[in-house]
There are 2 protein chains.
Amino acid sequence: MYTIGQISEMFNLPISTLRYYDMEGLFPQMQRQSGIRKFSENEVEALRVIECLKASGLEIKDIKQFMDWAMQGAETYEKRRELFEARREVIEAEIANLKKMLDMVKFKCWYYETAIKDGNEDGISAMLPDKLPKDIQELYDNAHS
Amino acid sequence: MYTIGQISEMFNLPISTLRYYDMEGLFPQMQRQSGIRKFSENEVEALRVIECLKASGLEIKDIKQFMDWAMQGAETYEKRRELFEARREVIEAEIANLKKMLDMVKFKCWYYETAIKDGNEDGISAMLPDKLPKDIQELYDNAHS
DNA sequence: ACTTGACCTAAAGTCAGGTTTATGTATTAC
DNA sequence: GTAATACATAAACCTGACTTTAGGTCAAGT
């Protein structure tokens, strides 16, 4: 069992955020001891799920919906499975997009390194759009596709 | 040269968002023809950079800062290089985090598939935390590390 | 001529996701 | 006994990133 302060340190989240999540109903199982929140393994796991659903772009109210389903037991297994299947696709798409963004960023790193070396962007401009060094060309093409 | 409507379709962004970006100073080079915005290749590339910096978590005002640097020419190459190096680290960290979240989501997909098959969560509970099927155990361990 | 559609601005409005403030309680440290 | 620390609540406040509204210009089609 943990206090809100301990959980705040464990997850590196402000106490105010944890209380806000609680108010929004994200810890439907949480117990209290004379008014004080008691976070158990149950809530720790809930927080891991919250972070994961948040990372997938889900809104707080939809995370609450999931918590509500979890309280309803076996009859909502299918809904919960569908939710995670959908989040899986969203996260996979997001990773793919970030990889593309990363290639753009890597290209720009090379771009400015080269501009610093040359003192100007003229040499680079002359190589655009398809006469870049092979590995850089790949980054550029991927970032501009 | 493109109109705001064409750019809106190209990037799948609302016209209002493009005008908002312009108001925030993200297209410092943009020309106008009797009041009407003319997006050139320059602005198209700016927008690609905007999307990439946004994806890396940069705020609009910091993207404007970058655009201001770009207007100042060669003297800000180093600042711009440092910015992209920093964004690179942020994006790499974000991809790593999303991969972890993805493992949690995959674990949960298996969890509910199994719960649906079994009609309850008892069998799964009995396998936790370290007697899961090998491939699932890997997902679980990664998601809980 | 007049309607339609695409553009324009300035200003107000919206929304999610917290954070801060003001006030109070309960336990521990000296 | 009193000061510090950690907890509590309700309600107000804040921020970033848009979006909507209200009003206007301008060119093309019928």
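Lettering follows sequence order; numbering is per chain, from 1.
Counting to the nearest Å, the P atom of C:dG18 and the CG atom of A:Leu18 are 10 Å from each other. For B:Phe39 and C:dA6, the CZ to P distance is 16 Å, given to the nearest whole Å. A:Asp22 has its CG atom 17 Å from the P atom of C:dG17, to the nearest Å. Rounded to a whole Å, the CZ atom of A:Arg37 is 17 Å from the P atom of C:dT25. The distance between atom CD of A:Gln33 and atom C1' of C:dA26, rounded to the nearest whole Å, is 13 Å. Between the CD atom of B:Gln6 and the P atom of C:dA6 there is a distance of 11 Å, rounded to whole Å. If you measure from atom NZ of B:Lys38 to atom P of C:dA6, you get 14 Å, rounded to the nearest angstrom. To the nearest angstrom, P of D:dA6 lies 21 Å from CE of A:Met1.
If you run ring-ring contact (aromatic ring centres under 6.0 Å, His included) between B:Phe39 and each of B:Tyr2, B:Tyr21, B:Phe27, B:Phe11, only B:Phe27 comes through. Considering B:Leu132, B:Leu102, B:Asp103 as possible partners of B:Leu139, the one that fulfils the side-chain contact (heavy atoms from CB on, under 4.5 Å) test is B:Asp103. If you run side-chain hydrogen bond (donor to acceptor under 3.5 Å, both in side chains) between A:Tyr112 and each of B:Glu85, B:Arg81, B:Arg80, B:Glu82, only B:Arg80 comes through.
Taking a cutoff of 4.0 Å between a charged side-chain nitrogen and a carboxylate oxygen, A:Lys64 and A:Asp68 qualify as a salt bridge.
The 12-atom threshold is exceeded at CD of B:Gln72, counting heavy atoms of other residues, nucleotides or ligands nearer than 6.0 Å.
In this model, the phosphate group of C:dA6 is not approached by any side-chain N or O of B:Arg19 to a distance below 4.0 Å at OP1 or OP2. The shortest distance between the side-chain N/O atoms of A:Ser16 and the OP1/OP2 oxygens of C:dT20 is not below 4.0 Å.
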Every protein N/O lying under 3.5 Å from an N/O of nucleotides 14-17 of chain D:
| residue | atom | partner | partner atom | Å |
| --- | --- | --- | --- | --- |
| D:dA17 | OP2 | B:Ile60 | N | 3.2 |

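The nucleotide whose nearest atom lies closest to any side-chain atom of A:Thr17 is, among C:dT19, C:dC8, D:dT19, C:dT19. Relative to the side chain of A:Thr3, the nucleotides D:dC7, D:dA8, C:dT9 differ in distance, and D:dC7 lies closest.
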